[in-house]
Amino acid sequence: MPTSLRHSTVHSQTPDFLATTPRLSPALIRALSPFDLLIVPGLFGSDDDHWQSIWEDVFRGHGLSIKRVEQNDWSHPTRTDWQTRLEQTLQASRRPVLLIGHSLGAILSVHHGATHPTSAVAGALLVAPADGEESTGPDAARLASFLPLPDKRLPFPSTVIFSQNDPWLAPARAHHLAKKWGASLLDAGYVGHIGNNSGVEHWPLGLNALHSLALTCHAGQMPAHA
């Protein structure tokens with residue numbers, strides 16, 4: 001996989017940025033520059049320590065185009081409302097979009113691909129998709145409107161990243177869903193749900209996966225925005 005991130009003491013940003021933020025490799029910046037990057041959080045949103053929030057700050061600090069889908073209600077999601085907000089955010093994009101979805105945000109991204117085969121989305125990173133069909137956790141009922149899960153190949157390149165001890169997604173189900181969606185598959189190890197409490201910080205493994213996905217999209221599958 002590409003080497004996507006390295007620490008550096010040389011950067012054009014402020015001293016505070018230098019002291020606290022890892023520097024992205026020039027290769028990753030080049031790979032991501034043609035895209036609008038879109039963070040798609042899951043149930044309850046992504047707090048300041050979530051890798052999605054950290055990436056958002058890092059990407060913006062490097063001059064990349066980065067936005068986040070904001071929902072009116074993070075605790076009681078409905079597919080209709082969440083998909084409307086995603087579509088509204090996509091409509092404001094003027095370049096091909098890479099979706100960076102986590103948990104229910106990953107499932108939302110899959111639903112979008114299943115219902116909008118010609119949208120501006122060029123690819124999707126689907127991290128720890130929340131498997132509402134198989135999960136029996138206390139919050140599983142909140143995902144009812146997102147069921148059934150799409151079961152057809154996505155119209156854009158995608159990568160599913162799963163964890164060996166994710167309470168929302170068993171490894172076998174990750175393999176099953178990735179096959180149905182035509183997605184590549186990456187094992188992140190033992191990092192739970194890869195969410196607010198995962199402690200992965202800027203998460204180099206995920207950045208490498210995003211780098212590879214961007215390169216795949218460069219290989220002739222980037223849609224033009226209408």
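Values below: every heavy atom of this structure, side chains too, minus hydrogens, waters and symmetry copies. Nothing here was measured: the structure is a model prediction, and the numbers come from that model.
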Q: Mind running ring pair (Phe, Tyr, Trp, His ring centres under 6.0 Å) on F44 and H76 for me, showing each step along the way?
A: CA-CA 9 Å; F44 306 126; H76 303 90; 8.5 Å; no
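R95 contributes a side-chain N or O that, together with a main-chain N or O of S33, makes up a donor-acceptor pair within less than 3.5 Å. A donor-acceptor distance shorter than 3.5 angstrom exists from the side chain of T115 to the backbone of H111, with no hydrogens or angles considered. No donor-acceptor pair under 3.5 Å is formed between the side chain of N196 and the backbone N or O of S46. Without hydrogens or angle criteria, W55 side chain to H202 main chain gives a donor-acceptor distance under 3.5 Å. Proximity of a side-chain donor or acceptor of W181 to a complementary backbone N or O of P150 within less than 3.5 Å is detected.
The aromatic rings of W51 and H102 stand perpendicular to each other, their planes meeting at an angle above 60°, with 30° marking the opposite boundary. Ring-plane geometry between W74 and W82 is classed as perpendicular, the angle between the planes exceeding 60 degrees on a 0 to 90 degree scale with a lower cut at 30. Aromatic ring pairs are classed by plane angle as parallel below 30°, tilted from 30° to 60° and perpendicular above 60°; the pair H116 and H112 is parallel.
W203 places a side-chain heavy atom less than 4.5 Å from the side chain of I194.
Counted within 6.0 Å of CG on D81, heavy atoms from surrounding residues, nucleotides or ligands total more than 12; the atom is thus considered enclosed.
With respect to the salt-bridge test (charged N to carboxylate O, under 4.0 angstrom), the residues K67 and E56 do not qualify.
The residue from T84, L90, L86 that alone fulfils the side-chain contact (heavy atoms from CB on, under 4.5 Å) condition with Q88 is T84.
Residues meeting the side chain to side chain donor-acceptor pair (under 3.5 Å) test with S53, sequence neighbours left out: R68.
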